[in-house]
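Here the structure comes first, spelled out in structure tokens, and everything after it is commentary.
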Amino acid sequence: METVKKKDIRALTKEQLRDFFVSEGDKAFRGNQVYEWLWQKSAHSFEAMTNISKETRQMMETNFVINHIKVDQMQRSSDGTIKNAVRLHDDLVVESVLIPTKTRTTACVSSQVGCSLDCKFCATSRLKRMRNLNPDEIYDQVVVIDNESRLYFDRPLSNIVFMGMGEPLMNYNNVLKAIEKITSPEGLGMSPKRITVSTSGVPKMIRKMADEEVKFKLAVSLHSAIDDIRTSIMPFNATFTLADLRESLQYWYNKTKSRITYEYVVWEGINDQQKDVDALVDFCKFAPSKVNLIEYNPIDDGEFRQASNNAIERYVQTLERNGIVVTVRRSRGKDIDAACGQLANKQ
Ligand code: SF4
């Protein structure tokens with residue numbers, strides 16, 4: 001006999017849930033109650049929904065499943081950073097990271113299993129893209145890290161960055177749905193201002209985000225403002241050129257008036273010359289910008305090496321002289337392969 005695959009109940013909107021209960025002869029309000037269990041209370045079983053009658057719970061059990069993530073392995077770095085290997089309902093694994101500072105806890109979450117892009121310096125690019133994450137799988141990563149933050153640091157999660165595995169703008173609809181849930185009072189109620197979507201730069205999607213007047217922040221992994229160099233380390237730049245990227249960012253700024261952050265690693269022999277700094281200054285001039293110079297974490301073969309302190313200092317001084325805010329970010333969680341560009345399901 002053919003078994004019918006049950007639908008994941010969390011794929012339903014609140015309206016659809018309300019309609020479902022009405023079609024079952026129940027009250028629409030039941031849909032609200034179940035929705036609250038599924039999102040605000042993160043229930044992983046129908047059994048846990050204690051204010052719902054046993055019959056209704058059984059009826060839901062017959063019709064639906066609640067797919068949820070499971071932390072397979074949690075590793076803690078000597079600097080407090082936590083990396084979770086998260087198993088999805090179909091047994092694929094992604095990683096998410098909790099980064100604590102004195103005053104904040106930031107969740108770095110994944111948006112795809114593997115990645116559709118092919119940045120040469122990134123461990124994730126070696127895993128081919130298997131699939132996009134669903135909104136609930138993104139949401140669940142945040143819930144797990146919020147719980148860990150409360151448990152280990154005695155405070156709720158304060159910030160979220162979409163900088164884990166995958167290119168968030170290549171999974172735009174699901175990322176947006178997850179953010180809607182994260183920011184909704186019926187979800188986690190977090191302010192969108194505390195959320196940053198970090199993209200390697202997909203111009204069409206940046207324009208779309210601007211048109212939709214999203215309220216979260218935008219960061220771009222730039223790494224070079226010279227086309228030839230950027231294409232050699234981020235080959236998709238041949239299609240999404242810097243001119244096109246810049247035009248889309250200009251469009252974003254005009255619409256949102258929201259400062260753009262650039263993520264930037266300086267590598268020895270690749271982008272550590274004065275011409276590289278000058279090109280960066282020229283690229284960011286059109287709008288208020290901030291440049292995060294990120295420490296690089298070598299992945300196995302050592303083709304990419306962090307540039308000298310002198311080269312980084314040259315970036316800092318030139319950017320500051322040109323009125324561009326610059327920070328140098330030390331990497332966290334290196335000892336557990338949890339740092340930027342290191343997420344590759346190595347356990
Ligand atoms: S840096 Fe980001 S966009 Fe590039 S391959 Fe890695 S995960 Fe994908």
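Indexing begins at 1, ligand by ligand and atom by atom, following the structure's order. This is a predicted model, so every value here is computed, not measured.
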Notebook entry, point to check: Does the separation of the ring centres of Y264 and Y315 fall below 6.0 angstrom?
Noted result: yes
Next item on the list: Report the residues that fulfil ring-ring contact (aromatic ring centres under 6.0 Å, His included) with F283, sequence neighbours left out, ordered by chain and then residue number.
Entry: Y262
Checklist line | Check: N292/T327 side-chain N/O donor and acceptor closer than 3.5 Å | finding: yes
Notebook entry, point to check: Which atoms of ligand 1 are found less than 4.0 Å from any heavy atom of C122?
Noted result: 1 (S), 5 (S), 6 (Fe), 7 (S)
Check: Under the salt bridge (charged side-chain N to carboxylate O under 4.0 Å, His left out) rule, what pairs show up with a residue in residues 182-202, not counting sequence neighbours?
Finding: K14-E186
Check: For ligand 1, which atoms have a heavy atom of S200 less than 4.0 angstrom away?
Finding: 3 (S)
Checklist line | G166: numbered ligand 1 atoms lying under 4.0 Å from its heavy atoms | finding: 7 (S)
Notebook entry, point to check: Do the side-chain N and O atoms of N67 and R10 include a donor-acceptor pair separated by under 3.5 angstrom?
Noted result: no
Notebook entry, point to check: What atoms in ligand 1 come closer than 4.0 Å to a heavy atom of C115?
Noted result: 3 (S), 5 (S), 7 (S), 8 (Fe)
Margin query: Taking 2.8 Å as the cut-off, does C119 contribute an N, O or S atom near atom 8 (Fe) of ligand 1, distance below it?
Written below: no
